[in-house]
Chemist: 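Right, I'll just put the structure down here and ask away after.
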Amino acid sequence: MSIAVVILAAGKGTRMQSDLPKVLHEIASAPMLVHAMRSAAYLNPDHVIVVAGHGAEQVERAAKDYDPDVKVVLQTEQLGTGHAVAQAKSALDGFQGDVVVLYGDTPFIGEDTLLRMKEERAKSDLVILGFDAKDPGRYGRLVTSGDALEKIVEFKDASPEERAITLCNSGVMAAAAPNLFRWIESIENKNASEEYYLTDCVEIARNEGKSASVVRCDEEETLGVNSRVQLSEAEYYFQTKARTELMETGVTLHAPETVVLAFDTIIGRDVVIEPNVVFGPDVTVETGARLRAFSHLEGCHVSRGSVVGPYARLRPGAELAENTRVGNFVEIKNAQIGEGSKINHLSYIGDAEIGKASNIGAGTITCNYDGVFKHKTRIGDDVFVGSNTMLVAPVALGDRAMTGSGSVITEDVPTGDLALGRSKQVNKKGLGAKLMDLLRAKKAKQSK
Ligand code: UD1
Ligand code: CA
């Protein structure tokens with residue numbers, strides 16, 4: 001059975017108090033919408049359609065950034081969830097498979113849950129994902145009789161008896177496309193909100209003699225974000241789950257609650273992560289590496305056996321080969337560091353290539369930016385860069401080359417050469433002590 005997923009993301013999200021469309025607020029370094037798109041991907045769908053409205057251009061950009069194949073349709077006026085799904089109809093013209101509706105602000109619907117819904121669809125024309133709410137609040141209530149779902153009542157329209165029901169609507173639903181779009185045509189907006197409720201499909205389907213049923217999941221999975229407080233709760237939920245999953249797959253976290261992961265962080269077995277390590281998007285860390293405390297990583301790759309930090313920063317394009325060392329207060333951006341090379345203290349390495357077993361002395365900086373253009377630094381194998389060397393790019397150091405401490409290197413250094421790019425030292429006989437005596441005498445005179 002082919003599947004189309006429709007993700008509703010047109011709402012304004014007034015309670016976020018934000019200029020950014022709600023679904024673009026981030027959880028674990030990815031917009032909420034991307035999390036919903038990842039859930040959609042569990043179903044291996046033939047079509048993914050995002051219904052955008054508020055901030056549609058921004059929403060479209062974010063959606064296509066993540067998946068260029070996604071279709072974005074516009075809902076110019078937000079007349080309700082039923083009206084929103086109707087906007088996807090022409091994009092799915094002639095599609096005979098199943099439609100699964102997800103919400104852009106409900107980011108954690110899991111694979112197992114979606115697969116259970118798919119299974120249930122074989123038995124039932126309309127499947128709703130429900131959950132038992134600890135505090136049912138303003139959720140739509142699922143009115144059931146036995147296993148069958150009779151209708152969904154929105155909180156605003158519910159009687160006191162219906163409000164007492166704790167089985168609630170998550171918003172996720174599945175039905176055959178021709179059925180769903182036919183039902184949607186009969187939805188009216190005669191309700192407390194004067195909106196076209198998608199949830200009315202249940203009664204409409206039942207009146208046609210079709211079957212409707214409920215699949216249940218944990219409340220946390222259906223966690224919806226309507227405010228900044230809920231956004232922080234969603235972040236907390238994601239982080240807790242992701243850290244646990246890492247530990248279960250063989251990663252050591254010394255203080256899990258202090259480690260911040262991204263939605264796509266990949267960490268190999270037997271990696272040790274010390275406290276307060278922060279991951280931005282797109283980080284891969286291989287088996288047996290160690291990430292020491294207070295390091296910040298994004299867009300980078302750390303190979304087997306490497307040690308990063310404490311207090312290191314790996315920025316996009318940092319590629320560390322096996323057994324490298326990147327120590328405290330070192331920043332690396334867009335640079336390949338060869339096997340066994342060491343950059344242990346206080347350095348900036350940007351737009352560079354470093355070979356194997358080279359040692360970059362403390363305080364070394366690749367001067368990669370001239371104010372307009374970026375330039376490359378190339379360092380060979382077994383190179384020894386003296387402390388506090390300024391490598392003014394474009395510049396290259398051959399294999400086994402050396403630079404003297406404090407050098408400003410503006411020209412290439414051939415293989416095996418020593419480059420001294422600093423002025424020659426002169427010693428003035430006795431002048432140090434003499435100068436100090438003079439200064440002390442001056443101070444004594446002033447304080448009289
Ligand atoms: C909806 C459900 C409710 C359920 C709850 C779960 C309806 C009528 N009610 O209520 O039963 O318990 O979700 O969170 O469906 N959207 C659009 N266009 C619109 C309206 C909404 O794209 O015209 C999008 C929103 O951006 C959001 C989602 O649909 O992502 C849900 O809309 P929202 O207004 O938050 O629905 P609720 O009132 O929470
Ligand atoms: Ca909502």
Side-chain angles (χ1 to χ4, degrees), residues 5-16 18 20-25 31-37 39-40 49-56 58-60 62-63 72-88 101-109 126 128-133 135-143 149 151-158 162-163 165-173 180 183-184 187-204 212 214 216-217 219-227 230-231 234:
V5 178
V6 176
I7 303 176
L8 305 190
K12 187 172 179 196
T14 312
R15 284 199 280 152
M16 294 301 285
S18 176
L20 190 69
K22 175 162 84 174
V23 295
L24 298 189
H25 282 265
M32 263 189 258
L33 177 63
V34 165
H35 289 266
M37 289 171 74
S39 294
I49 293 157
V50 172
V51 181
H54 280 278
Q58 275 170 285
V59 170
E60 176 160 13
V72 178
V73 299
L74 203 62
Q75 184 195 30
T76 40
E77 266 185 298
Q78 282 67 57
L79 303 179
T81 47
H83 180 259
V85 174
Q87 308 313 302
V101 178
L102 299 177
Y103 288 175
D105 63 355
T106 307
F108 302 133
I109 306 293
L126 174 58
I128 297 285
L129 180 64
F131 61 100
D132 273 302
D135 169 18
R138 307 186 66 79
Y139 286 118
R141 306 298 206 264
L142 303 186
V143 181
L149 176 63
K151 61 174 178 175
I152 303 179
V153 222
E154 287 308 301
F155 175 79
K156 278 191 189 170
D157 307 292
E162 288 165 340
R163 286 184 181 184
I165 297 172
T166 56
L167 182 61
C168 291
N169 176 28
S170 69
V172 182
M173 88 162 40
L180 182 66
W183 297 333
I184 283 173
I187 296 176
E188 294 177 9
N189 66 348
K190 291 178 194 142
N191 52 54
S193 314
E194 299 188 339
E195 282 185 8
Y196 296 88
Y197 292 161
L198 180 62
T199 45
D200 284 359
C201 282
V202 179
E203 258 188 298
I204 296 167
V214 186
R216 292 165 203 243
C217 71
E219 181 167 7
E220 281 160 329
E221 220 178 297
T222 68
L223 195 139
V225 175
N226 299 297
S227 66
Q230 287 172 337
L231 184 68

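What you see is a predicted model; the values in this text were computed from it and never measured. One-based numbering, in listed order, for ligands and for the atoms of each.
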Chemist: Please verify whether a non-hydrogen atom of G53 lies at under 4.0 Å from ligand 1.
Modeler: no

Chemist: If you measure every N or O of Y139 against every N or O of ligand 1, does any of those distances drop under 3.5 Å?
Modeler: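 No; every N/O pair is 3.5 Å or more apart.
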
Chemist: Please table the atom pairs, donor to acceptor, closer than 3.5 Å between any side-chain atom in residues 72-80 and protein atoms at least two apart or in another chain.
Modeler:
residue : atom : partner : partner atom : Å
Q75     : NE2  : H83     : ND1          : 2.8
Q78     : OE1  : H54     : NE2          : 3.2
Q78     : NE2  : Q75     : O            : 2.7

Chemist: Which of the numbered atoms in ligand 1 are below 4.0 angstrom from a heavy atom of A84?
Modeler: 17 (C), 18 (N), 22 (O)

Chemist: About how many Å separate CD1 of I109 and OH of Y103, when rounded to the nearest 0.5 Å?
Modeler: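 So the OH of Y103 and the CD1 of I109 are separated by 10.5 Å.
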
Chemist: Check whether any N or O atom of T106, backbone or side chain, sits under 3.5 Å from an N or O atom of ligand 1, and answer yes or no.
Modeler: no

Chemist: Find all atoms of ligand 1 within a distance of less than 4.0 Å from any non-hydrogen atom belonging to S170, and give their numbers and elements.
Modeler: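 Near S170, meaning under 4.0 Å from one of its heavy atoms, ligand 1 has 6 (C).
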
Chemist: For S227, which residues count as a side chain to side chain donor-acceptor pair (under 3.5 Å) partner, sequence neighbours excluded?
Modeler: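 Counting only residues at least two positions away or on another chain, S227 forms no side chain to side chain donor-acceptor pair (under 3.5 Å).
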
Chemist: With the side chain counted from C-beta on, respond yes when M32 and L231 share a heavy-atom pair under 4.5 Å apart, and no when they do not.
Modeler: yes

Chemist: Evaluate T81 for polar contact with ligand 1, using N/O atom pairs at a separation under 3.5 Å.
Modeler: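 For ligand 1, there is an N or O atom that lies under 3.5 Å from one belonging to T81.
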
Chemist: Looking only at distances, please establish whether an N/O atom of ligand 1 is found under 3.5 Å from an N/O atom of L8.
Modeler: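 Yes - when backbone and side-chain N and O of L8 are compared with those of ligand 1, one distance drops under 3.5 Å.
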
Chemist: Is A9 close enough to touch ligand 1? Criterion: a residue heavy atom under 4.0 Å from a ligand atom.
Modeler: yes

Chemist: Is it true that the NZ or CZ of R163 lies under 6.0 Å from the centre of F155's six-membered ring and within 45 degrees of the ring axis?
Modeler: yes

Chemist: Please say whether I152 places an N or O atom under 3.5 Å from an N or O atom belonging to ligand 1.
Modeler: no

Chemist: Should you measure from each heavy atom of L79, which atoms of ligand 1 turn up under 4.0 Å away?
Modeler: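 What qualifies from ligand 1 is 23 (O).
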
Chemist: May I ask which of C168, G11, G13 has a heavy atom nearer to atom 25 (C) of ligand 1 than the others do?
Modeler: G11

Chemist: So is H83 in contact with ligand 1, going by heavy-atom distances below 4.0 Å?
Modeler: no

Chemist: Can you name the closest pair of heavy atoms from R141 and C168 and give their distance?
Modeler: CD-SG, 4.0 Å

Chemist: Please check whether L198 reaches ligand 1 - meaning an N/O of the residue sits under 3.5 Å from an N/O of the ligand, judged on distance alone.
Modeler: no

Chemist: Just verifying a value: how many Å separate E221 CD and T106 OG1, rounded to the nearest 0.5 Å?
Modeler: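 Here the interatomic distance stands at 11.0 Å.
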
Chemist: With rounding to the nearest 0.5 angstrom, report the CG to NZ distance, N191 to K156.
Modeler: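 Spacing of CG (N191) from NZ (K156) equals 8.5 Å.
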
Chemist: Out of all atoms in ligand 1, which are within 4.0 Å of some heavy atom of G140? Include the element for each.
Modeler: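 With G140 as reference, the close atoms of ligand 1 come out as 3 (C), 4 (C), 11 (O), 12 (O).
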
Chemist: Quick one: do L149 and K151 satisfy side-chain contact (heavy atoms from CB on, under 4.5 Å)? Show the steps, please.
Modeler: CA-CA 6 Å; L149 176 63; K151 61 174 178 175; over 6 Å; no

Chemist: Do the non-hydrogen side-chain atoms of V225 and M16 ever get within less than 4.5 Å of each other?
Modeler: yes

Chemist: Where the closest heavy atom to atom 9 (N) of ligand 1 is concerned, which of E154, E77, M173 has it?
Modeler: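 The residue whose heavy atom sits nearest atom 9 (N) of ligand 1 is E154.
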
Chemist: Is it the case that ligand 1 has an N or O less than 3.5 angstrom from some N or O of A10?
Modeler: yes

